[in-house]
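Single-structure report; data block below.
This is a predicted model, so every value here is computed, not measured.
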Amino acid sequence: MTDEKKQEFVNRITNANRTELIVVLYDMFTEYVNEAAAGYEDGAKGSDDSKASLDKANEVLNHLKSDLDFSQDKDFCGRMYSIYSYCQELIAKTIYSGDFSSATEAVNLLKPLRDAFDTISSDDKTGPVMDNVPERVAGYTYGKAGVDEADLSDESNRGYLA
């Protein structure tokens, strides 16, 4: 994943509420799978970098599974756990068989769930999960890099509180 994409995800995570965090995880999964696709082009069986990206996609699925709260709704969480486990099987199949269509199937399976959580997140009025996050502003600078971010807070305590 590029540094710019990582920074984008960090910014989204620091400003996200509980439901938006799930959307970010789905987006990260899709990004890792899309990143892995290059190693499977033209019938290739996947490069080491592609397999590493799929391993990271699998870690995202592990995180989604561990975030399920079975005390709230056992049936719903059980179904979601099954879906995530099946997607992990599809990722493993991609890694070991070299057939990228399994990873594509996993992305297509999670897309409606991502869209549903995105819709729900607009109704979630809870604030960001992380507190004490400095306000960030992006703009042009005089340097060659173009766009940089600046921290606008005066606070000396920059620790994140979740």
Side-chain angles (χ1 to χ4, degrees), residues 1-41 43-136 158-162:
M1 187 179 303
T2 64
D3 288 339
E4 291 83 16
K5 200 66 171 169
K6 286 178 187 176
Q7 188 62 40
E8 176 188 329
F9 281 126
V10 166
N11 288 338
R12 286 178 62 193
I13 288 168
T14 57
N15 295 309
N17 61 32
R18 297 174 305 180
T19 313
E20 290 168 341
L21 282 175
I22 302 299
V23 175
V24 171
L25 287 172
Y26 283 128
D27 290 344
M28 288 174 70
F29 173 80
T30 302
E31 182 67 27
Y32 283 129
V33 172
N34 290 340
E35 183 179 274
Y40 292 89
E41 291 175 348
K45 297 293 183 187
S47 65
D48 289 341
D49 289 340
S50 295
K51 291 176 182 176
S53 293
L54 290 175
D55 285 338
K56 289 180 182 178
N58 194 41
E59 289 177 27
V60 172
L61 290 170
N62 278 333
H63 192 75
L64 286 165
K65 285 169 65 173
S66 68
D67 284 345
L68 293 171
D69 186 359
F70 282 87
S71 68
Q72 296 297 316
D73 189 344
K74 273 188 179 179
D75 291 336
F76 174 76
C77 290
R79 286 189 215 120
M80 295 298 286
Y81 192 90
S82 296
I83 291 169
Y84 297 149
S85 295
Y86 179 66
C87 288
Q88 286 183 308
E89 290 174 21
L90 291 171
I91 296 298
K93 183 178 176 183
T94 300
I95 292 171
Y96 295 111
S97 73
D99 180 16
F100 195 73
S101 65
S102 297
T104 304
E105 181 182 346
V107 170
N108 291 338
L109 184 62
L110 293 179
K111 175 121 177 61
L113 292 172
R114 184 250 180 242
D115 294 342
F117 274 99
D118 190 36
T119 301
I120 293 169
S121 71
S122 64
D123 294 335
D124 187 352
K125 301 301 181 205
T126 61
V129 175
M130 296 180 80
D131 294 324
N132 203 25
V133 177
E135 185 179 345
R136 312 283 302 170
R158 294 183 31 107
Y160 297 118
L161 303 174

At their closest point, which heavy atom of [X] faces which heavy atom of [Y], and how far apart are they?
| X | Y | answer |
| --- | --- | --- |
| Ala36 | Phe100 | C-CE1, 4.1 Å |
| Lys51 | Ile95 | CE-O, 3.9 Å |
| Gly78 | Phe70 | N-CE2, 3.5 Å |
| Val60 | Leu25 | CG1-O, 3.2 Å |

Test log, rule side-chain contact (heavy atoms from CB on, under 4.5 Å), inputs Leu113 and Met80: CA-CA 10 Å; Leu113 292 172; Met80 295 298 286; 4.0 Å; yes
Minimum side-chain heavy-atom gap Asp67-Leu21 below 4.5 Å: no
Within-4.5 Å side-chain heavy-atom neighbours: Thr30 and Leu110: no
Phe76, CZ: over 12 other non-hydrogen atoms inside 6.0 angstrom: no
Results of side chain to side chain donor-acceptor pair (under 3.5 Å) for Asp99 - residues two or more places apart only: Ser101
Distance, nearest 0.5 Å, that separates [atom1] of [X] from [atom2] of [Y]:
| X | Y | atom1 | atom2 | result |
| --- | --- | --- | --- | --- |
| Asp73 | Asp75 | CG | CG | 6.0 Å |
| Lys111 | Asp118 | NZ | CG | 8.5 Å |
| Leu61 | Lys56 | CG | NZ | 15.0 Å |
| Asp27 | Ile22 | CG | CD1 | 11.5 Å |

Working for side-chain contact (heavy atoms from CB on, under 4.5 Å), residues Val107 and Phe29: CA-CA 8 Å; Val107 170; Phe29 173 80; 3.9 Å; yes
Between side-chain atoms of residues 84-92 and protein atoms elsewhere (two or more places apart, or another chain), which donor-acceptor pairs fall under 3.5 Å?
| unit_1 | atom_1 | unit_2 | atom_2 | d |
| --- | --- | --- | --- | --- |
| Tyr84 | OH | Tyr26 | OH | 2.6 |
| Ser85 | OG | Lys65 | NZ | 3.2 |
| Ser85 | OG | Tyr81 | O | 2.9 |
| Tyr86 | OH | Glu105 | OE2 | 2.9 |
| Gln88 | OE1 | Lys65 | NZ | 2.8 |
| Gln88 | NE2 | Asn58 | OD1 | 3.0 |
| Gln88 | NE2 | Asn62 | OD1 | 2.6 |

Ala103 backbone acceptor or donor facing Thr94 side chain under 3.5 Å: yes
With sequence neighbours excluded, residues passing salt bridge (charged side-chain N to carboxylate O under 4.0 Å, His left out) with Lys74: none
